[in-house]
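This report refers to the structure that appears directly beneath it.
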Amino acid sequence: MNSRKPLILVTNDDGYQAKGIVSLIEAMRELGDVIVFAPELHQSGMSSAISATQPLRSRMYKQEEGFTAYMCTGTPVDCVKLALNEFLDRKPDLLVSGINHGSNAGISVIYSGTMGAAIEGCIFEIPSFGVSLCEYSPDADFTYACEVARKMAATVLEKGLPRGICLNINVPQGEIKGIKITSQTQGKWVNEYQRSADGNGRDVFWMTGNFENWEEDNVNTDEWALANGYAAVVPVKIDMTAHDFIPELKKWDLMSFI
């Protein structure tokens with residue numbers, strides 16, 4: 001019988017000192033051995049970016065029985081790649097990214113460094129999920145987000161995930177009513193920049209914006225679940241092919257352009 005504890009790789013995009021990852025680490029240590037590989041600095045919005053033109057550096061900052069933690073100068077995906085290629089002697093049983101300070105629901109999934117790391121784990125065929133709390137405060141209460149993450153981690157360790165699929169989990173502030181399996185809300189960010197001026201009177205632009213929800217009444221979406229007090233779980237595919245459009249595309253007679 002194999003009595004070896006599960007190995008859980010933890011990362012994030014808010015940096016290794018963020019309260020969200022510190023809380024997540026404690027939750028995951030209840031389930032197995034944990035190795036942390038997290039960015040040294042804040043890396044929000046990095047999606048699946050990698051450091052292709054500069055070297056990476058890493059440093060161990062903590063080690064205890066069943067727990068080792070490193071910081072890395074790169075992006076969340078850099079952290080995952082470096083950990084898997086250079087630092088781990090066996091494949092993790094689970095990758096968990098987060099807990100992010102702020103929502104990654106709806107279209108935000110494509111910009112998210114939190115989900116970029118989870119998707120990278122999925123590419124390496126590791127059961128993976130990202131978890132985010134809909135609260136940006138550095139000192140947010142992660143109690144319920146940790147409960148959701150712990151429950152999901154235990155379930156994924158038991159059941160696994162299909163090849164090519166990871167999970168995007170978002171948790172509202174405060175006590176939650178439960179967990180809903182949902183789809184990604186269709187919509188986009190609008191009014192994304194605020195113009196101001198620097199000390200020399202030159203224009204500078206600060207990212208801001210509002211999410212334009214195209215399906216506010218759809219009770220099967222992540223934004224609806226969050227607005228109504230539920231944690232939302234969206235299965236995400238790494239294959240971005242629009243398979244249903246291929247037959248139509250084949251009718252375009254593109255060979256005539258050659």
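Here Tyr61 and Tyr16 bring their ring centres to under 6.0 angstrom of each other.
In this structure a side-chain-to-backbone donor-acceptor pair under 3.5 Å is missing from Asn191 to Gly209. Without hydrogens or angle criteria, Glu135 side chain to Ala140 main chain gives no donor-acceptor distance under 3.5 Å. Side-chain atoms of Asp198 come within 3.5 Å of backbone atoms of Arg202 as a donor-acceptor pair (strictly under, hydrogens ignored). Without hydrogens or angle criteria, Thr75 side chain to Asp78 main chain gives a donor-acceptor distance under 3.5 Å. A side-chain donor-acceptor contact under 3.5 Å links Asp222 to the backbone of Gly106. Distance alone, capped at 3.5 Å, places no donor-acceptor pair between the Lys5 side chain and the Gly66 backbone. Proximity of a side-chain donor or acceptor of Thr11 to a complementary backbone N or O of Phe37 within less than 3.5 Å is detected. Using a distance-only test at 3.5 Å, with no hydrogens or angles considered, no donor-acceptor pair links the side chain of Thr114 to the main chain of Ser112. A side-chain donor-acceptor contact under 3.5 Å links Asp141 to the backbone of Thr143. Side-chain atoms of Thr182 never come within 3.5 Å of backbone atoms of Val234 as a donor-acceptor pair (strictly under, hydrogens ignored).
With sequence neighbours excluded, the residues forming a salt bridge (charged side-chain N to carboxylate O under 4.0 Å, His left out) with Asp203 are Arg195, listed by chain and number.
Follow the hydrophobic side-chain contacts under 4.5 Å out from Ile25 and you reach Leu157 in the same cluster. In the hydrophobic clustering of ILVMFWY residues, with side-chain heavy atoms under 4.5 Å counting as a link, Met28 and Ile35 come out apart. One hydrophobic cluster, built from ILVMFWY side chains closer than 4.5 Å, holds both Leu88 and Leu56.
A 6.0 Å sphere centred on CZ of Arg163 holds no more than 12 heavy atoms belonging to other residues, nucleotides or ligands. Around atom CD of Glu64, more than 12 heavy atoms belonging to other residues, nucleotides or ligands sit under 6.0 Å away.
Nearest heavy atoms, Met46 versus Pro76: CB-CD, 4.2 Å. Contact between Pro55 and Thr73 at its shortest, heavy atoms only, is O-OG1, 4.3 Å. The minimum heavy-atom distance linking Pro172 with Tyr230 is given by the pair CD-O, 3.3 Å. Shortest non-hydrogen contact noted between Asn12 and Ser97 is CA-OG, 4.0 Å. Between Asn100 and Phe142, the shortest heavy-atom distance links the atoms O-CE2, 4.2 Å. Across every non-hydrogen atom of Met115 and Cys166, the tightest pair is CE-SG, 4.1 Å.
The distance from atom CD of Gln184 to atom CG of Asn170, rounded to the nearest 0.5 Å, is 10.5 Å. Here CG of Asn218 is found 5.5 Å from OG of Ser183. Values are rounded to the nearest 0.5 Å. Atom CG of Leu82 is separated from atom SG of Cys72 by 5.5 Å, given to the nearest 0.5 angstrom. In this structure, CG in Asn213 is found 6.0 Å from OG1 in Thr221, a value given to the nearest 0.5 Å. Of the inter-residue distances, the one linking His42 atom NE2 with His101 atom NE2 reads 8.0 Å to the nearest 0.5 angstrom. In this structure, Ser51 OG and Arg57 CZ are separated by 11.5 Å, a value rounded to the nearest 0.5 Å.
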Inset, instruction - Could you walk me through whether Ser196 and Trp206 pass the side chain to side chain donor-acceptor pair (under 3.5 Å) test, one step at a time? - result: CA-CA 8 Å; Ser196 62; Trp206 296 93; 3.2 Å; yes
Legend entry - salt bridge (charged side-chain N to carboxylate O under 4.0 Å, His left out) between Glu65 and Arg29, intermediate numbers included: CA-CA 10 Å; Glu65 180 67 29; Arg29 290 187 69 178; over 6 Å; no
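Salt bridge status for Lys250 with Glu248: absent, with no side-chain N to carboxylate O gap under 4.0 Å. Ion pairing between a basic and an acidic side chain is recognised when a charged N comes within 4.0 Å of a carboxylate O; Arg150 and Glu26 show no such pairing.
Defined by atom type and a distance below 3.5 Å, a donor-acceptor pair is present between the side-chain atoms of Ser108 and Trp189.
Applying side-chain contact (heavy atoms from CB on, under 4.5 Å) to Val36 and the options Thr68, Ile21, Val22, Leu24 leaves one that passes, Ile21.
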